[in-house]
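Below is one structure, written out as structure tokens; the observations come after it.
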Amino acid sequence: MTYMVNQLDNLMKNNTNEPEFLQAATEVLQSLEPVIARHAQYRKSGILERLTEPDRQIKFRVSWIDDQGKIRINRGYRVQFNNAIGPYKGGLRFHPTVNFSIIKFLGFEQIFKNSLTGLPIGGGKGGSDFDPKGKSDREIMTFCQSFMTELHRHIGADTDVPAGDIGVGGREIGYLFGQYKRLCNQHTGALTGKSLSYGGSLVRKESTGFGLLYLLDAMLKANNKSIDGKIFVLSGSGNVAIYACQKAQEMGGKVVTMSDSSGWIYDSDGIHLEVIKEIKEVKQQRLSEYISYRPNAVYHEGKGIWSTPCDIALPCATQNELQLDDAKELVKNGVIAVAEGANMPTSLEATHYFQANHILFAPGKASNAGGVAVSALEMAQNSIRYSWEFNKTDLKLKKIMNDIFEKISESAKEYGVPGNYVDGANIAGFLKVADAMMAQGLF
Ligand code: GLU
């Protein structure tokens, strides 16, 4: 058995019942084949074996009391995956589907994504199976306080710095930070995604969506194409999707769809962003409300968004939302580029289908790295007790995204797979972490 086949085999054996983690890790290991073949030292030092096993996995009970006075119990998680290049860094996800497989896949992706940003941050992720949908503000606060009552002992500005992800936005970070500060008596940057009034960074809210468009722009330009005049099919309606939509429109694109877990909207005139912000950010309503503001738009219950003809597809909702049949539909309808705004929204089969059909494909660990990049800039500002203005931070984000594209494109060329940005991202992200691990001795 070759070394790589053996690695994949062990991965399967050691992580049965963790399909999402296996999917993420399999993709990375497959990309690394030429790297391992060229650099015997990584094999000798057991880098792959160490990298696929988290430094630490924490699981805890979160007890809280709902508005009816009933005691409720949820599970809390934090996976500290790798801190070779900096403190563990990655979001918290509150969603009923959360389990170790989901948190491990997200934490694993985060190692390479964070490495690609060029900033000193390691990989981690956490969350809970708590469902924020339909909960009152008081219930959210009580839950966050209880969650942090355990989490605080595991995190810190130089140890592990959580942020938001699905179900965790500015409000939740505020409650989490308040409890952290109460318990530790320290006003430090132990969380990012904070509001501006107590240490947040300008551009953090917009960063994942804006960054996605900056990377897409770089990828298109390198292939003699542009955003201007292109039709976008975009999924999701959370923070990533909203600011991706905004930047796509600013750059001359026309976004015709958005979605939530119940269905999706199609607006042939282009999505009216002010309406979306009113529905999602102000009133916190379902997306189906859109048609009451824009009667010419159509609301579709359930799936089917990827059958909308477009030039560019931006999956910005959640993992595995774009399957092989969707990819076939998109290719048939003439898509030229796909860039992932969510984490692992495209299945392995769908990714391979795009690549086999020469569709430009930007993997999430490169294209959605803008969020965590500005989180690292928030950490930097907290450390120097200062805050930079919007344009300065936005320019830094743009440069980081352009540099990421350069890195993934160069690595793909260097390892004989030009234009394969999936392999390029995995290789470039890996090399920095692997070298840092080698330098620090066995751990
Ligand atoms: N949850 C985001 C991500 O998937 C941001 C993480 C962070 O800012 O730490 O990268």
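Whatever order the structure lists them in is the order used to number ligands and atoms, beginning at 1.
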**Request:** Pull out every atom of ligand 1 sitting under 4.0 Å from any heavy atom of G90, numbered as shown with elements.
**Result:** 9 (O)
**Fill in**
Counting heavy atoms under 4.0 Å, the part of N343 that contacts ligand 1 is side chain
**Prompt:** Just checking, R50 and F443: is the charged tip under 6.0 Å from the six-membered ring centre and within 45° of the axis?
**Reply:** yes
**Message:** Centroid separation under 6.0 Å, is that true for the rings of W64 and F130?
**Reply:** yes
**Item:** Protein heavy-atom partner closest to atom 8 (O) of ligand 1 - residue, atom, separation in Å
**Value:** S375 OG, 2.5 Å
**Asked** Any side-chain heavy-atom pair from L183 and R153 closer than 4.5 angstrom?
**Response** no
**Asked** Nearest heavy atom to atom 10 (O) of ligand 1: which of R93, K113, K89 does it belong to?
**Response** K113
**Part of R204 within contact of ligand 1 (heavy atoms, under 4.0 Å)** = side chain
**Message:** Below 4.0 Å from ligand 1: does a non-hydrogen atom of G364 turn up there or not?
**Reply:** no
**Message:** In terms of relative ring orientation, are F100 and Y77 parallel, tilted or perpendicular, with 30° and 60° separating the classes?
**Reply:** perpendicular
**Message:** If the cut-off is 4.0 Å to any non-hydrogen atom of K125, which atoms of ligand 1 fall inside it?
**Reply:** 1 (N), 3 (C), 4 (O)
**Prompt:** Is there side-chain contact between Q23 and M344, with heavy atoms separated by less than 4.5 Å?
**Reply:** yes
**Interfacing atoms of ligand 1 (cut-off 4.0 Å, heavy-atom, D165)** = 1 (N), 2 (C), 4 (O)
**Asked** For the ring pair F94 and F143, is the centre-to-centre distance below 6.0 Å?
**Response** yes
**Complete:** A163 heavy atoms within 4.0 Å reach ligand 1 at atoms 7 (C), 8 (O), 9 (O)
**Request:** Pull out every atom of ligand 1 sitting under 4.0 Å from any heavy atom of G91, numbered as shown with elements.
**Result:** 6 (C), 9 (O)
**Asked** Can you check whether G164 has an N/O within less than 3.5 Å of an N/O in ligand 1?
**Response** yes
**Message:** Working note: F405 + Y214, criterion ring-ring contact (aromatic ring centres under 6.0 Å, His included); need CA distance, chi angles, decisive distance, verdict.
**Reply:** CA-CA 9 Å; F405 180 73; Y214 296 151; over 10 Å; no
**Item:** Ion pair K135/D66, N-O distance below 4.0 Å
**Value:** no
